[in-house]
Amino acid sequence: MGSNTAEKALQMLKFLPRVCLANLKPSPGSRTSKKRGRGQHGGDKHGAGNKGSGQRQNYMRLGYETGNNPFYLRFPHEPYYQGHHLRREYPPLSMLDLLKLIEMNRLDASKPIDLVSILNTGLYKIFPDQRQYGVNLTDEGADVFNAKVNIEVQWATEPVIAAIERAGGVITTAYYDQHSLQAMINAKKFFERGVPIPRRMMPPPDAIEYYADPTKRGYLADPEKISEERLVLAQKYGYELPQIEKDPEYEMLTERKDPRQIFYGLHPGWVVNLKDKVILKPQDEELERYYAS
Amino acid sequence: MASIRTYLQRIITKTCFMHPRVYNSPQIRNSSFHSSKFLVDVEVNTKYETTKNPEEWKYVERLLPVTTVPEPKKLPVYASGWKPQGDDLKDRPYFIARTRNHMMPVYLEIRQRGTARHTIIKKIQGDIWQLEKDLRPFLEDLLKPKNLRLQVNEFAGKICINGDHVNAIKYWLGERNF
């Protein structure tokens, strides 16, 4: 076999041109041509410029002036935002969005609406660990709001309260502490943990004034004063106050939570078992005293 | 040194005797959460009552979220401004499907660290070029002195427009019952 190929090669040499410098070539595949980069830097900068934040794509934080005394710190006394990192936040939900949720069947207006039912839609979120304490119902869409609701929010202004009461509804502003909010952001997950429902804490001193104010429809305010204020607001805004007592949905509209209660109809201290569909209630005297309102 | 060690040991044995459960059971350190055994027979010393009341359970069911997006209510007029999709869309050359949340698939995309705004229409079916032809005069009218920059992605069924025209396009689509 080997001799055969050698013979063949010799045979071929007879007809091939003579090997010389003019017809020598590198073997195929041994040399690759270099690609020429396009643009100013031949593509080695990837369009990001040369040096600094531009190249490293680590853009400076807002207000930073590369070592200068920054503008926002240049003047010694600007107290408007003092303690802003400690203040309570109420992420807004407009009345128009609320109406949309009701009309699109995301929220059931035939039952009381509270933070849990708003969070259960999945279209509104709060992060209690970022000091977000619940819904701020804003007045966008107050003029077209026509749903009769029993709603509980965490913050509301006068036009919002007027719009809801004009439509025949009821509004309450209520405070929830961090632990309660953690249970409320995902009630199903909370029940699966097998932990007793926590009791709601009283609002902190700087919030107690708001939540005890009948003009804000606070949950700690005297109900008689609230009904007085309802009439006052109706006269101020010039609408006829619909009578709740004669409403066919009177029971739904008057359903309220206890100041220590988080979920409607469920007492703090109870443990809900979703698997066996039973509720465990403590009977220890000490626990009963602790969870009593 | 030795005296300190004996002193510490004495303290540890003392505290362990104060908590007999800790003293009796040695500390177990499982390698990971997943490999650890299930907790069994937790001692419950509190008195409790197990109740099965359907009236109370209704309140629990109220708190459980729905697993699917519900169908919107059928109303003669929607005060919120939302409109359902029309039924008379079969004879149109193109169709724009609603999203799973029953909204129009028109989105604003902010790019280039907030400097570039693009409007994107998605879920376009049928003759996308006809839609572009119909939409073009409406948008050109809005932009008048400037010219319209619009891209059609036929394969993905998307149209990308330079600038924020989300509300204008939603209005235009609403006029045509989409």
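- Near-neighbour residues of residues 152-178 of chain A relative to chain B, defined by a heavy atom under 4.5 Å from a heavy atom of that chain, are none.
- Counting heavy atoms of neighbouring residues, nucleotides and ligands inside a 6.0 Å radius, atom CD of A:Gln40 does not exceed 12 of them.
- Heavy atoms closer than 4.5 Å to chain B are found in both the backbone and the side chain of A:Val144.
- Comparing A:Glu286, A:Lys277, A:Lys188, A:Glu285 by how many heavy-atom pairs each has under 4.5 Å with chain B, the most go to A:Lys277.
- A:Phe191 CZ to B:Leu63 CG: the interatomic distance, rounded to the nearest 0.5 Å, is 5.0 Å.
- Residue A:Leu119: no heavy atom, backbone or side chain, is found under 4.5 Å from chain B.
- Residue A:Phe145 does not touch chain B at all, counting heavy-atom pairs closer than 4.5 Å.
- Other residues, nucleotides and ligands place no more than 12 heavy atoms under 6.0 Å from the CD atom of A:Glu240.
- Other residues, nucleotides and ligands place no more than 12 heavy atoms under 6.0 Å from the CZ atom of B:Phe155.
- Between the side chain of A:Asn120 and the main chain of B:Val66, no donor-acceptor pair closer than 3.5 Å is present.
- Between chain B and the options A:Glu103, A:Lys100, A:Arg106, A:Lys111, heavy-atom pairs under 4.5 Å are most frequent for A:Glu103.
- Residue pairs satisfying the side chain to side chain donor-acceptor pair (under 3.5 Å) criterion with at least one member in residues 139-154 of chain B, sequence neighbours excluded, are listed as follows: B:Trp129-B:Glu154, B:Asp141-B:Lys144.
- The two atoms that bring A:Leu99 and B:Ala79 nearest to each other are CD2-CB, 3.7 Å, heavy atoms only.
- Looking only at side-chain heavy atoms (C-beta outward), A:Asp284 and B:Asn45 stay at 4.5 Å or farther from each other.
- With a 4.5 Å cut-off on side-chain heavy atoms, B:Thr46 and A:Gln283 do not count as touching.
- Residues from residues 94-123 of chain B that place a non-hydrogen atom less than 4.5 Å from a non-hydrogen atom of chain A comprise B:Asn101, B:His102, B:Met103, B:Arg113, given in numerical order.
- At most 12 non-hydrogen atoms from other residues, nucleotides or ligands lie less than 6.0 angstrom from NZ of B:Lys133.
- Other residues, nucleotides and ligands contribute only 12 or fewer heavy atoms inside 6.0 Å of the NE2 atom of A:His179.
- No side-chain heavy atom of B:Tyr48 sits under 4.5 Å from any side-chain heavy atom of A:Val271.
- Atom CH2 of residue B:Trp57 and atom CD1 of residue A:Ile279 lie 6.0 Å apart, to the nearest 0.5 angstrom.
- More than 12 heavy atoms of other residues, nucleotides or ligands sit less than 6.0 Å from atom NZ of A:Lys148.
- Here the side chains of A:Ile102 and B:Lys73 are in contact, with some heavy-atom distance below 4.5 Å.
- Heavy-atom distances place no part of A:Asp97 under 4.5 Å from chain B, backbone and side chain included.
- B:Thr50 has its side chain out of reach of A:Asp276: every pair of non-hydrogen atoms, C-beta onward, lies at least 4.5 Å apart.
- When the shell of 6.0 Å around CD of A:Glu140 is examined, it contains 12 or fewer heavy atoms from other residues, nucleotides or ligands.
- Chosen from A:Met95, A:Met184, A:Glu255, the residue pairing most often with chain B at heavy-atom distances under 4.5 Å is A:Glu255.
- In this structure, chain A has no heavy atom under 4.5 Å from any part of B:Glu55.
- Proximity to chain B (any heavy atom under 4.5 Å) is shown, for A:Leu274, by both the backbone and the side chain.
- Heavy-atom distances place both the backbone and the side chain of A:Val278 under 4.5 Å from chain B.
- Both the backbone and the side chain of B:Leu64 come within less than 4.5 Å of a heavy atom in chain A.
- For B:Tyr171, the OH atom is loosely surrounded, since the number of other residues' heavy atoms within 6.0 Å does not exceed 12.
- Judged as a side-chain contact (heavy atoms from CB on, under 4.5 Å), and not counting sequence neighbours, the contacts of A:Ser117 are A:Leu107, A:Ile113, A:Asp114.
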